[in-house]
Amino acid sequence: MSAEAESERHTEHVPEWKKEEVESISSLLESYDSVGVVGIAGIPSRQLQDMRRALHGSAELRVSRNTLLERALDEVDDGLENLESYVAGQVGLVGTNDNPFGLYKQLEESKTPAPIGAGEVAPNDIVIPEGDTGVDPGPFVGELQQIGADARIQEGSIQVLSDSVVVEEGGVVSEDVANVLGELGIEPKEVGLDLKAVYSDGVLFEPEELAIDVDEYRADIQSAAAAARNLSINAEYPTTQTAPSLIAKAAGDAKSVGLFAAIESPDLADDLVRKADGQVRALAAQIDDDEALPEELRGVEAQAAPTETEEDESTDEEPTEEAADEDDSDDDDEESGAEGLGNMFG
């Protein structure tokens, strides 16, 4: 029989319920922006229903025969056929309008601790922690010791004296270990929907690409944005984000130049008066003879050190003027200096 005839024969005998199932799955896939394949192996039916309900409103889980899932992916096309290679074992399809990173995070956070059974592979090192087991003295201490736990009877109960690794990661759990873990209530594995791959906006994502630390990623972006902004400002490259800062910086620089050059301007008048007043008070504070000063300057103390901004604005100017004042005072005696101040202040 030819391949074409074989294909027609199979098509003719596809049960109606399978066609309806494929159509239903295809409709689901077409209604979401992102579609993923999730592993459901080892999840009890009741917990699977709970997970399905937990996803309600944000994502939809669909479980069916793998052959039907593959056919639906192939019929929808739009790149979803790339997910077919991940449909193996016990899996389901999940659709969501969330982005792949949000879906991965939601599925990971929904996982819950669960007991491990004999014959299963340890997902990580299985440890019986140090401490009181709460079990009365009896044969259970021997069971603990038999599986490698550092257990003793002390103070009327069975205690584990140190953290004890009873199965290493990747090892097979024996029946004895499974029984002891069950007795102690230790649940060493997580049960949940295990995302295998997601297809969204023409891109196929695997779990390794989605497992990012969102807070760290956000901090990196914020740091990069701040560095770019600083570079733009230092290079005096105007953008919508940096223009206000550049204008403010230019205004500050212009004001500093104006104060240094003592340019008469309505915008600088108050600052120039304060600066001059500070210089006069500083000079008056250095004169020991109060009689040599006008009444309003007698007993004046030097002002506190200027702020960092004030220092930046006056550093270049004040030493020059003070030096000039010192030269003048060297040429004249105290009386002539006092007379000059008297004339200045009436």
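No experiment lies behind these values; they were computed from the predicted model shown. Any value given below was found using the heavy atoms of this structure, including those in side chains, with hydrogens, waters and symmetry copies removed.
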Residues in side chain to side chain contact (heavy atoms under 4.5 Å, CB included) contact with Ile153, at least two apart in sequence or another chain: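 Residues passing side chain to side chain contact (heavy atoms under 4.5 Å, CB included) with Ile153: Pro137, Val141, Ile158.
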
Heavy-atom distance under 4.5 Å between the side chains of [X] and [Y], does that happen here?
{"X": "Ile43", "Y": "Leu193", "value": "yes"}
{"X": "Glu30", "Y": "Glu75", "value": "no"}
{"X": "Leu73", "Y": "Leu93", "value": "yes"}
{"X": "Glu130", "Y": "Gln159", "value": "no"}
{"X": "Met51", "Y": "Leu61", "value": "no"}
{"X": "Pro129", "Y": "Ile186", "value": "yes"}
{"X": "Val63", "Y": "Arg52", "value": "yes"}
{"X": "Val37", "Y": "Leu69", "value": "no"}

How close do [X] and [Y] get, counting heavy atoms only, and between which atoms?
{"X": "Glu21", "Y": "Ser64", "value": "OE2-OG, 2.9 Å"}
{"X": "Asp98", "Y": "Ser34", "value": "O-OG, 3.1 Å"}
{"X": "Asn99", "Y": "Gly102", "value": "OD1-N, 2.7 Å"}
{"X": "Thr239", "Y": "Ser232", "value": "CG2-OG, 4.0 Å"}
{"X": "Leu103", "Y": "Ala59", "value": "CD1-CB, 4.5 Å"}
{"X": "Glu70", "Y": "Val87", "value": "OE2-O, 3.6 Å"}

Calculate, to the nearest 0.5 Å, the distance between atoms [atom1] and [atom2] belonging to [X] and [Y] respectively.
{"X": "Glu109", "Y": "Tyr104", "atom1": "CD", "atom2": "OH", "result": "11.0 Å"}
{"X": "Asp132", "Y": "Gln154", "atom1": "CG", "atom2": "CD", "result": "9.5 Å"}
{"X": "Asp74", "Y": "Leu80", "atom1": "CG", "atom2": "CG", "result": "10.5 Å"}
{"X": "Ser27", "Y": "Glu20", "atom1": "OG", "atom2": "CD", "result": "13.0 Å"}
{"X": "Gln145", "Y": "Glu143", "atom1": "CD", "atom2": "CD", "result": "10.5 Å"}
{"X": "Ile116", "Y": "Glu187", "atom1": "CD1", "atom2": "CD", "result": "11.0 Å"}

Asp277 and Arg274 ion-paired at < 4.0 Å: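 Salt bridge absent between Asp277 and Arg274.
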
Check for me, please, whether [X] and [Y] land in the same ILVMFWY cluster - side-chain distances under 4.5 Å, paths through other members count.
{"X": "Val198", "Y": "Tyr32", "answer": "no"}
{"X": "Ile263", "Y": "Val273", "answer": "no"}
{"X": "Phe140", "Y": "Ile128", "answer": "yes"}
{"X": "Val203", "Y": "Phe101", "answer": "yes"}
{"X": "Val94", "Y": "Ile25", "answer": "no"}

Could you pull out every donor-acceptor pair under 3.5 Å between side chains of residues 204-213 and any protein atom, sequence neighbours left out?
residue, atom, partner, partner atom, Å
Glu206, OE2, Tyr86, OH, 2.4
Glu209, OE1, Glu206, N, 2.8
Asp213, OD1, Asp215, N, 3.1
Asp213, OD1, Glu216, N, 3.1

Under 3.5 Å, which donor-acceptor pairs do the side chains of residues 166-181 form with other protein atoms, sequence neighbours left out?
residue, atom, partner, partner atom, Å
Ser174, OG, Val177, N, 3.2
Asn179, ND2, Glu175, O, 3.2

Taking [Y]'s backbone N and O only, do any of them form a donor-acceptor pair with [X]'s side chain (distance below 3.5 Å, no angle check)?
{"X": "Thr96", "Y": "Ser58", "answer": "yes"}
{"X": "Ser256", "Y": "Gly252", "answer": "yes"}
{"X": "Asn66", "Y": "Gly89", "answer": "yes"}
{"X": "Ser26", "Y": "Val22", "answer": "yes"}
{"X": "Ser157", "Y": "Gly134", "answer": "no"}
{"X": "Gln90", "Y": "Ile40", "answer": "no"}

Glu16, CD: over 12 other non-hydrogen atoms inside 6.0 angstrom: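 Yes.
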
Over 12 non-hydrogen atoms of neighbours within 6.0 angstrom of CG in Asp253: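 Yes, CG of Asp253 has more than 12 neighbouring heavy atoms, counting only those of other groups under 6.0 Å.
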
Glu108: which of Lys111, Gln106, Lys105 passes side chain to side chain donor-acceptor pair (under 3.5 Å):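 Going through Lys111, Gln106, Lys105 one by one, the side chain to side chain donor-acceptor pair (under 3.5 Å) with Glu108 is satisfied by Lys111 alone.
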
Polar side chain donor-acceptor pair, Ser164 to Asp150, under 3.5 angstrom: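 The answer is no; no qualifying pair exists.
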
